[in-house]
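Encoded as structure tokens, the structure appears first; notes follow it.
Here is the naming used below: chain letters follow the sequence lines, and residue numbers restart at 1 for every chain.
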Amino acid sequence: MSKPTQMSAPMRAPAWVSTRRLFEQSLQDLHKCTKLNQIKEVHAQIIKRDLHRDLYVAPKLISAFSLCHEMTLAVNVFNQIQDLNVHLYNNLIRAYVQNSQPSLAFAAFFDMQKNGVFADNFTYTFLLKACNGQAWLPLVQMMHSHVEKCGFFGDLFVPNSLIDSYSKCGLLGVNSAMKLFVTMDEKDIVSWNSMIGGLVKAGDLSAARTLFDEMPVRDTVSWNTILDGYAKAGEMNEAFELFNKMPGRNVVSWSSMVSGYRKAGDMEMAKLLFDKMPVKNVIPWTIIISGFAEKGLVKEAARLYDQMEATGLRPDDGTLISILAACAESGSLGLGKRVHASIKMTRFKCSINVSNALVDMYAKCGSIDMALSVFNGMHKRDLVTWNCMLQGLAMHGHGEQALQLFSRMQDEGFKPDKVTLIGVLCACTHAGYVDEGLCFFNTMERDYGIVPHIEHYGCMIDLLGRGGHLKEAFRLVQSMPMEPNAVIWGTLLGACRMHNAVELAEVVLDRLVTHEPSEPGNFSMLSNIFAAAGDWNSVANMRLQMKGTGVQKPSGASSIELDNEVHEFTVFDKSHPKSDTIYQMIDKLGHDLKKVGYVQQIDP
DNA sequence: ATAGGGTTAG
């Protein structure tokens, strides 16, 4: 360590003065520092100067390590301190919240109470943030009662956080938020905005609008909240009107509009607004790219992806996950691979969530080998990883492999959840393991503590129905503890179609139309069953009935991806530039198939 | 403390 010497040149301050000033400067901004190397350097200096137990320095260190996701180091700092105070606990609690470990945040809170350290308003705002991911009403209520006991309502941060956390707990939560909101003597703009946001989230747009019109002063957040409410509800005319009327628009306002048009399926308007945006960040880029990808317009999506990279914007996890999910939905393997390549180029390692999205994308696009390869290459996996892989194997008929994966995940200590069991039952269905499926279904509550949800009943009806056990399937529908929905009846109808069970099909359709009176597919399904049974009178009757109720069958479409472009085909489609050649080939294939004895099944 | 994109589910 350098010591001050008399030999230093008089013109300049000695080196140790500047390092000390530098050090003090680093200490000042330490809690905002996100570069781990720099923090470690300062940390070393801190230890050298024996400052690591300093009650001013330690919280800053915790905060800095937390921002770098170095929780072990943060906790180490905390554990060095003998006489703990609120400030230290608050920093630890916030660190856990930032690093998505809400239960440890609460553990720290209980520890704090045990040690006789009193919580303050900061503690409660952090803890309420920890409640947000859980959407668990009793937890928020518990925080509420704590706060009431301590009387922190003078600070608007606490009641405002309560409104926000309540609002994230579904419909009951919004009621509690409203109760609190109306009793607040003093409110600020955040109270109003949080309450409006809660109502929007609960789907009560008109109540949200009433509050919005009532509030004394509105800021950009207020306008954006209500604007996004209309956009999410698909009410784009109202959204557009507000968008034009609002005093100041920012990236968020524009993004809500682009997102709204995308959700409404209007990519033309979405692109128009996107192009007009004065400032763009990764979020609007994400919306527009995944919007095109979702529709299978992969050329446009890929072009925009290149453009985004060219502007120097780095896609974050949200961008990658969103685009990969869109690829999975539309089956755009080419674009998915393109995104994967870009991840490999630009990232040293990718997060669990991004890897999960990759596994899912490859599996859904039919590339089960690539899905397995990403899966096997992952250093860390979570429940979603296993569920995606299991589902992928199951969907592609690798029932045996799926069930092996199921036992492997348990060997590695993962507890199956609701989604896992849907995958397991699905694997049994696609592999034709009727008995194994029944066994899993009957023991899932005992063995895994999962009460069968309607989705599991759906799987079982599919399993029994496909296997030709139609009576058992129907009996299961009748004995379900919950009201069967359209999915259940639709699955059963599909099984009737598969096994030409005319009488049961009529009963099932009768129930199905009470749920989906205008879904044309259901009628065609029954119509197909009649046709297969040679009952052409009933087919004709059904057609008349459909005409009478105005139900129209849209033409079915199939699609295929070639050279990074998704081609879609409908019946009698002549729009493709090479349609003549395509139809010639189809005719030839038809002839060849007939020669080997294939009998074509024609949907009326 | 409040606003825009985010992985699994027939």
Can a side chain N or O of [X] be found less than 4.0 Å away from OP1 or OP2 on [N]?
X	N	answer
A:Lys418	B:dG10	no
A:Lys232	B:dG5	yes
A:Gln391	B:dT7	no
A:Lys129	B:dT2	yes

N/O donor-acceptor pair under 3.5 Å between A:Asp228 side chain and A:Asn224 backbone: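 No; judged by distance alone, with no hydrogens or angles, the pair does not exist.
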Any donor-acceptor pair under 3.5 Å from A:Ser367 side chain to A:Ala363 backbone: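 It does not hold such a pair.
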Mind calculating the distance between [atom1] ([X]) and [atom2] ([N]) to the nearest angstrom?
X	N	atom1	atom2	answer
A:Trp192	B:dA1	CH2	P	22 Å
A:Asn387	B:dG10	CG	P	11 Å
A:Leu162	B:dT2	CG	C1'	14 Å
A:Glu329	B:dT7	CD	P	11 Å
A:Asp360	B:dA9	CG	C1'	11 Å

Closest listed nucleotide, where the reference is the side chain of A:Ile422 and the choices are B:dA9, B:dG6, B:dG4: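 It is B:dA9.
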Options B:dG5, B:dT7, B:dG10, nucleotide nearest the side-chain atoms of A:Cys459: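 Among the listed nucleotides, the one closest to the side chain of A:Cys459 is B:dG10.
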Sugar-phosphate only, base, or nothing, as touched by A:Lys187 at under 4.0 Å among non-hydrogen atoms: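 Here A:Lys187 touches no strand at all.
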Sugar-phosphate only, base, or nothing, as touched by A:Asp188 at under 4.0 Å among non-hydrogen atoms: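 A:Asp188: base contact, heavy atoms under 4.0 Å.
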Audit row: A:Ile289, A:Trp285, side chain to side chain contact (heavy atoms under 4.5 Å, CB included) steps and yes/no: CA-CA 6 Å; A:Ile289 296 170; A:Trp285 282 100; 4.3 Å; yes
Polar contact flag, side-chain donor to acceptor under 3.5 angstrom, A:Asn356-A:Thr385: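 Yes, A:Thr385 and A:Asn356 have a side-chain donor paired with an acceptor closer than 3.5 Å.
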